[in-house]
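Some notes on the structure that comes next.
Values below: every heavy atom of this structure, side chains too, minus hydrogens, waters and symmetry copies. In this chain, residues are counted from 1 in sequence order.
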Amino acid sequence: MLNINTDELKLLLKDRKNKIERPKYNGMSEIISSISIIITLCLADFSQITLIKPLYFKIIVWSISIFILIYGIFLFVNSIIKFYSIEDLYNEIIDLDPAVEHPFNIILIKNNQKSGKYLVFKSKRWNCWLFPNYHCKVPFEPQSEILHIKEYLQRDLNAKGNISVKYIGNELSIKMSVPNKYTKKYNFHYFIITEINIPAKKNCAFYYNGKKYNWKTIDQMYRSKNILKKNKDVLDYVRKNCELS
């Protein structure tokens, strides 16, 4: 039996109403219609038109057809990328239960050239600087997660050569999920990278694979009201258990 706050459930269903009603492969009718119009235009004779000049009429109709085609392609791609199923809704409803844990691996990467600085990235979903993090499996098994973390770092940061990962520990945290707008119970597992080679700028922000990264000290992050509001629990654990400064 799920223990779910009724108000939070209503808010979720209201927010997801339009998503769940959006069909997959939406936009196909617009694409087919525009292609049909384009084919007709290619074969049509505009010389009989007297209301406006045939050239102007042709330009207008072609413009409308191309607009419909582009709009249909946009709808089609968007419906695939952002397809929201009944299963997605069910999983979000389960998430409303405060007893359900959401396990994440928090990755701490040292800057060997700048003492006390660690790698963070700008999360678009949280609108906040965060440590690199990944979903972890249940049941949690450190050695298995370490293998996955190495694969993720090679993929996301183009890490080369040997990667050394050490498991620090975990801590439960109950806080507001900014993207979902309701409270979640997180289980954060902390890993510190003791050896890694990434082709990144060591002294300033840089972009890689569509993400913006930077190097910050724990003190710098504590001075950010936005980070404290959304991620103070993680900072507190890191400062207390990982001997960061």
Side-chain angles (χ1 to χ4, degrees), residues 91 94-95 98-126 128-175 177-180 184-222 227 230-245:
N91 289 332
I94 292 177
D95 287 348
V100 175
E101 291 185 6
H102 300 272
F104 280 86
N105 294 329
I106 307 296
I107 315 302
L108 309 170
I109 302 176
K110 291 183 177 182
N111 185 330
N112 295 327
Q113 296 180 9
K114 289 287 183 178
S115 177
K117 288 198 171 185
Y118 292 78
L119 188 67
V120 292
F121 79 101
K122 188 62 177 291
S123 171
K124 295 179 180 178
R125 298 182 74 236
W126 284 73
C128 181
W129 290 102
L130 302 175
F131 294 109
N133 58 83
Y134 307 103
H135 283 281
C136 59
K137 295 181 179 180
V138 178
F140 175 80
E141 206 287 309
Q143 291 305 314
S144 176
E145 293 300 326
I146 286 175
L147 293 177
H148 291 306
I149 288 170
K150 291 180 178 180
E151 294 174 357
Y152 294 144
L153 293 176
Q154 290 170 344
R155 179 197 67 190
D156 294 344
L157 287 166
N158 194 26
K160 304 291 187 180
N162 186 46
I163 302 174
S164 297
V165 185
K166 180 182 178 182
Y167 179 55
I168 303 297
N170 76 297
E171 185 172 67
L172 295 176
S173 179
I174 299 176
K175 65 178 180 178
S177 169
V178 174
N180 300 110
K184 285 186 177 183
K185 182 179 181 180
Y186 294 95
N187 192 352
F188 292 129
H189 296 271
Y190 294 83
F191 294 82
I192 189 165
I193 309 301
T194 58
E195 182 180 348
I196 189 171
N197 180 20
I198 54 177
K201 296 180 179 179
K202 298 294 185 180
N203 301 317
C204 58
F206 64 94
Y207 287 87
Y208 193 80
N209 277 349
K211 287 184 179 181
K212 183 178 181 179
Y213 293 89
N214 207 339
W215 300 94
K216 293 181 180 292
T217 65
I218 298 300
D219 287 338
Q220 286 176 322
M221 287 186 270
Y222 267 111
I227 296 177
K230 300 173 182 178
N231 213 34
K232 184 177 182 298
D233 52 339
V234 172
L235 292 182
D236 288 345
Y237 183 92
V238 171
R239 167 157 283 180
K240 179 180 177 182
N241 297 282
C242 303
E243 299 181 351
L244 303 181
S245 59

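Closest approach of Tyr213 to Leu157, counting heavy atoms only: CZ-CD2, 3.6 Å. Taking every heavy atom of both residues into account, Phe131 and Val120 meet most closely at CD2-CG1, 4.1 Å. The heavy-atom pair separating Tyr208 from Arg155 by the smallest distance is CE2-O, 4.3 Å. Among all heavy-atom pairs drawn from Val234 and Ile106, the shortest one is CG1-CG2, 4.3 Å. Between Pro179 and Arg125, the shortest heavy-atom distance links the atoms CB-NH2, 3.3 Å. Nearest heavy-atom pair, Ser177 versus Tyr186, reported as atom, atom and distance to 0.1 Å: CB-OH, 3.2 Å.
For the atom pair OH (Tyr118) and CD1 (Ile193), the distance works out to 11.5 Å, reported to the nearest 0.5 Å. A distance of 12.5 Å separates CD of Gln220 from CH2 of Trp215, quoted to the nearest 0.5 Å. Rounding to the nearest 0.5 angstrom, the gap separating the CG atom in Leu235 from the CG atom in Asp219 is 10.0 Å. Of the inter-residue distances, the one linking Ile109 atom CD1 with Phe191 atom CZ reads 13.0 Å to the nearest 0.5 angstrom. Once rounded to the nearest 0.5 Å, the distance linking CG of Asn133 with NE2 of His189 reads 13.0 Å. Taking NZ from Lys184 and CD1 from Ile174, the interatomic distance works out to 13.5 Å, rounded to the nearest 0.5 Å.
For Lys232, the salt bridge (Lys or Arg N to Asp or Glu O under 4.0 Å) criterion is met by Asp236, not counting sequence neighbours. Applying the ring pair (Phe, Tyr, Trp, His ring centres under 6.0 Å) rule to Tyr237 yields the partners Tyr190; only residues at least two apart in sequence or on another chain are considered.
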Next on the checklist: The test is side-chain hydrogen bond (donor to acceptor under 3.5 Å, both in side chains); show your working for Asn158 and Lys160 and say whether it passes.
Outcome noted: CA-CA 6 Å; Asn158 194 26; Lys160 304 291 187 180; 3.2 Å; yes
Next on the checklist: side-chain contact (heavy atoms from CB on, under 4.5 Å), that's the test. Do Ile107 and Tyr152 meet it? Break it down for me.
Outcome noted: CA-CA 11 Å; Ile107 315 302; Tyr152 294 144; over 6 Å; no
Next on the checklist: Could you go through Val178 and Cys128, starting from their C-alpha distance and side-chain angles, then the distance that decides it, and tell me whether this counts as side-chain contact (heavy atoms from CB on, under 4.5 Å)?
Outcome noted: CA-CA 10 Å; Val178 174; Cys128 181; over 6 Å; no
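Taking the six-membered ring for Trp, Phe104 and His135 have ring centres closer than 6.0 Å.
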N/O donor to acceptor pairs below 3.5 angstrom from side-chain atoms of residues 136-149, sequence neighbours left out:
| from | atom 1 | to | atom 2 | distance (Å) |
| --- | --- | --- | --- | --- |
| Glu141 | OE1 | Gln143 | N | 3.3 |
| Glu141 | OE1 | Ser144 | N | 2.7 |
| Glu145 | OE1 | Asn105 | ND2 | 2.8 |
| Glu145 | OE2 | Lys137 | N | 3.0 |

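By the 4.5 Å heavy-atom criterion applied to side chains, Ile218 and Met221 are counted as neighbours. Under the 4.5 Å side-chain criterion, counting only non-hydrogen atoms from C-beta, Asp156 is not in contact with Pro132. Inter-residue side-chain proximity for Asn214 and Lys122 is flagged as unmet; no heavy-atom pair is nearer than 4.5 Å.
A donor-acceptor distance shorter than 3.5 angstrom exists from the side chain of Lys175 to the backbone of Lys230, with no hydrogens or angles considered.
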